[in-house]
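These numbers were taken from a predicted model, which means no experiment stands behind them.
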Amino acid sequence: MKVAGLIGGVAWPSTLSYYRLLNEHIQRELGGLHSARCVIVSLDFAGIHAAMAAGRPDDARAQMETAARQARAAGAELIAILANTGHFAADAVRAAAGVPLVHVARETGDAVAALHPSMRRLGLLATSFALDAPFFGQMLREGAGFELVLPDAAQRRALDAAIFGSLARGEVDRADAAVVSALCNALVARGAEGIVLGCTELSAMWPWIACSAPIFDSTDIHARAIAREMTRS
């Protein structure tokens, strides 16, 4: 089994979810008492969020590059960022680590295309930071051939409030789940055939999301892909 270098803390509930999912998938794949061989470098999300909110993405990127080098020095043979939003720095992290990176948007696009070959229009729920970055478009639109249906400005503000509020503190608020459900169905009304939960924190409220179209959890898809790469010979 390869050692996975995991950049976490963005925010800590997402790292917790990934660690559980990664070990579940490894144990399902290998059986017995196997668990994931990994190195976690956990960042302080307050500093990352402050840098992004202040329009200083280079500061946040530098912190993630440092984390990548630390993971590689600790023995990582592949690298993964345990947050959708953090993938704005994916290329820099890959270069800093010097090992292959498992990309959440690429894996999500490939997984949805394999499950639903005829699906063409995907609704995407993510932070404003992630939606403004180019990686989702590059991987889902240009890479997998999907047309993206995105939240408008007011919907993005509502989504950010939920993600950077209770969810980032590890709390699931049913009122926030109702907001996310309404956003999902609004994107469906605009033609989305499926909805991607493009933020790890949103995965925690999945059981309470009511949507008229299929929902795809990027966190679980990404964790499966990391486990696959860890066990690939």
Side-chain angles (χ1 to χ4, degrees), residues 1-30 34-45 47-48 51-52 57-114 126-127 129-130 133-140 142-144 198-200 203 217-233:
M1 191 194 314
K2 296 183 182 73
V3 177
L6 309 175
I7 299 178
V10 190
W12 70 261
S14 70
T15 307
L16 187 63
S17 297
Y18 265 102
Y19 186 73
R20 175 180 56 81
L21 287 167
L22 190 54
N23 279 283
E24 288 175 352
H25 292 316
I26 288 291
Q27 191 164 67
R28 192 173 295 118
E29 177 73 19
L30 300 180
H34 284 288
S35 55
R37 296 185 66 211
C38 60
V39 174
I40 301 175
V41 181
S42 190
L43 300 172
D44 180 0
F45 185 48
I48 297 289
M52 297 293 289
D58 287 348
D59 290 353
R61 185 180 293 107
Q63 294 182 57
M64 298 180 71
E65 288 174 319
T66 297
R69 286 189 286 269
Q70 290 171 335
R72 181 69 184 94
E77 298 166 272
L78 59 92
I79 199 84
I81 302 168
L82 306 188
N84 282 261
T85 299
H87 279 73
F88 82 93
D91 290 342
V93 164
R94 181 191 298 110
V99 295
L101 178 139
V102 186
H103 199 294
V104 66
R106 178 183 292 112
E107 296 296 341
T108 298
D110 289 348
V112 175
T127 68
F129 299 134
F135 66 85
F136 270 124
Q138 290 169 348
M139 301 297 179
L140 296 183
E142 299 167 20
C199 178
T200 306
S203 303
D217 180 7
S218 66
T219 301
D220 186 57
I221 291 170
H222 193 207
R224 287 175 186 273
I226 296 167
R228 179 198 69 214
E229 294 304 313
M230 290 173 69
T231 55
R232 175 173 287 175
S233 58

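- Listed by chain and residue number, R232 satisfy the salt bridge (charged side-chain N to carboxylate O under 4.0 Å, His left out) test with E229 (two or more places apart in sequence, or in another chain).
- Ring geometry for H87 against H222 counts as perpendicular: the plane angle is over 60°, on a 0 to 90° scale with 30° as the lower cut.
- With a 4.5 Å cut-off on side-chain heavy atoms, V93 and I81 count as touching.
- Listed for the D59 side chain is no donor-acceptor partner under 3.5 Å among the backbone atoms of A51.
- With rounding to the nearest 0.5 angstrom, the CE atom of M64 is 9.5 Å from the CD1 atom of I79.
- When side chains are defined from C-beta on, Y18 does not count as touching T15, because their heavy atoms never get closer than 4.5 Å.
- Proximity of a side-chain donor or acceptor of R69 to a complementary backbone N or O of A97 within less than 3.5 Å is not detected.
- Side-chain contact between F88 and P57 is present, with at least one heavy-atom pair separated by less than 4.5 Å.
- Side-chain contact annotation: N84 with S218, donor-acceptor N/O pair under 3.5 Å present.
- The main-chain N or O of D217 is never found under 3.5 Å from a side-chain atom of S203 such that the two would form a donor-acceptor pair.
- By the salt bridge (charged side-chain N to carboxylate O under 4.0 Å, His left out) test, R228 is found to be paired with E107, residues two or more places apart in sequence or in another chain being considered.
- Using modelled atom types, one finds a donor on one side chain and an acceptor on the other under 3.5 Å when comparing T219 with T200.
- Residues V99 and E77 are not in side-chain contact: their nearest non-hydrogen atoms beyond the backbone lie 4.5 Å or more apart.
- With a 4.5 Å cut-off on side-chain heavy atoms, L78 and V102 count as touching.
- For the pair L30 and T231, the minimum side-chain heavy-atom distance is below 4.5 Å.
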Begin with the C-alpha distance, continue with both residues' side-chain angles, and end with the deciding distance and a verdict on side-chain contact (heavy atoms from CB on, under 4.5 Å) for V41 and L6.
-> CA-CA 6 Å; V41 181; L6 309 175; over 6 Å; no
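- For the pair R224 and D220, the salt-bridge criterion is met [side-chain N within less than 4.0 Å of a carboxylate O].
- Every residue two or more places apart in sequence or in another chain was checked for a ring-ring contact (aromatic ring centres under 6.0 Å, His included) with H25, and none qualifies.
- Using a 4.5 Å heavy-atom cutoff, the side chains of I221 and D110 are not in contact.
- A salt bridge links E24 and R20; the closest N-O separation between the charged side-chain nitrogens and carboxylate oxygens is under 4.0 Å.
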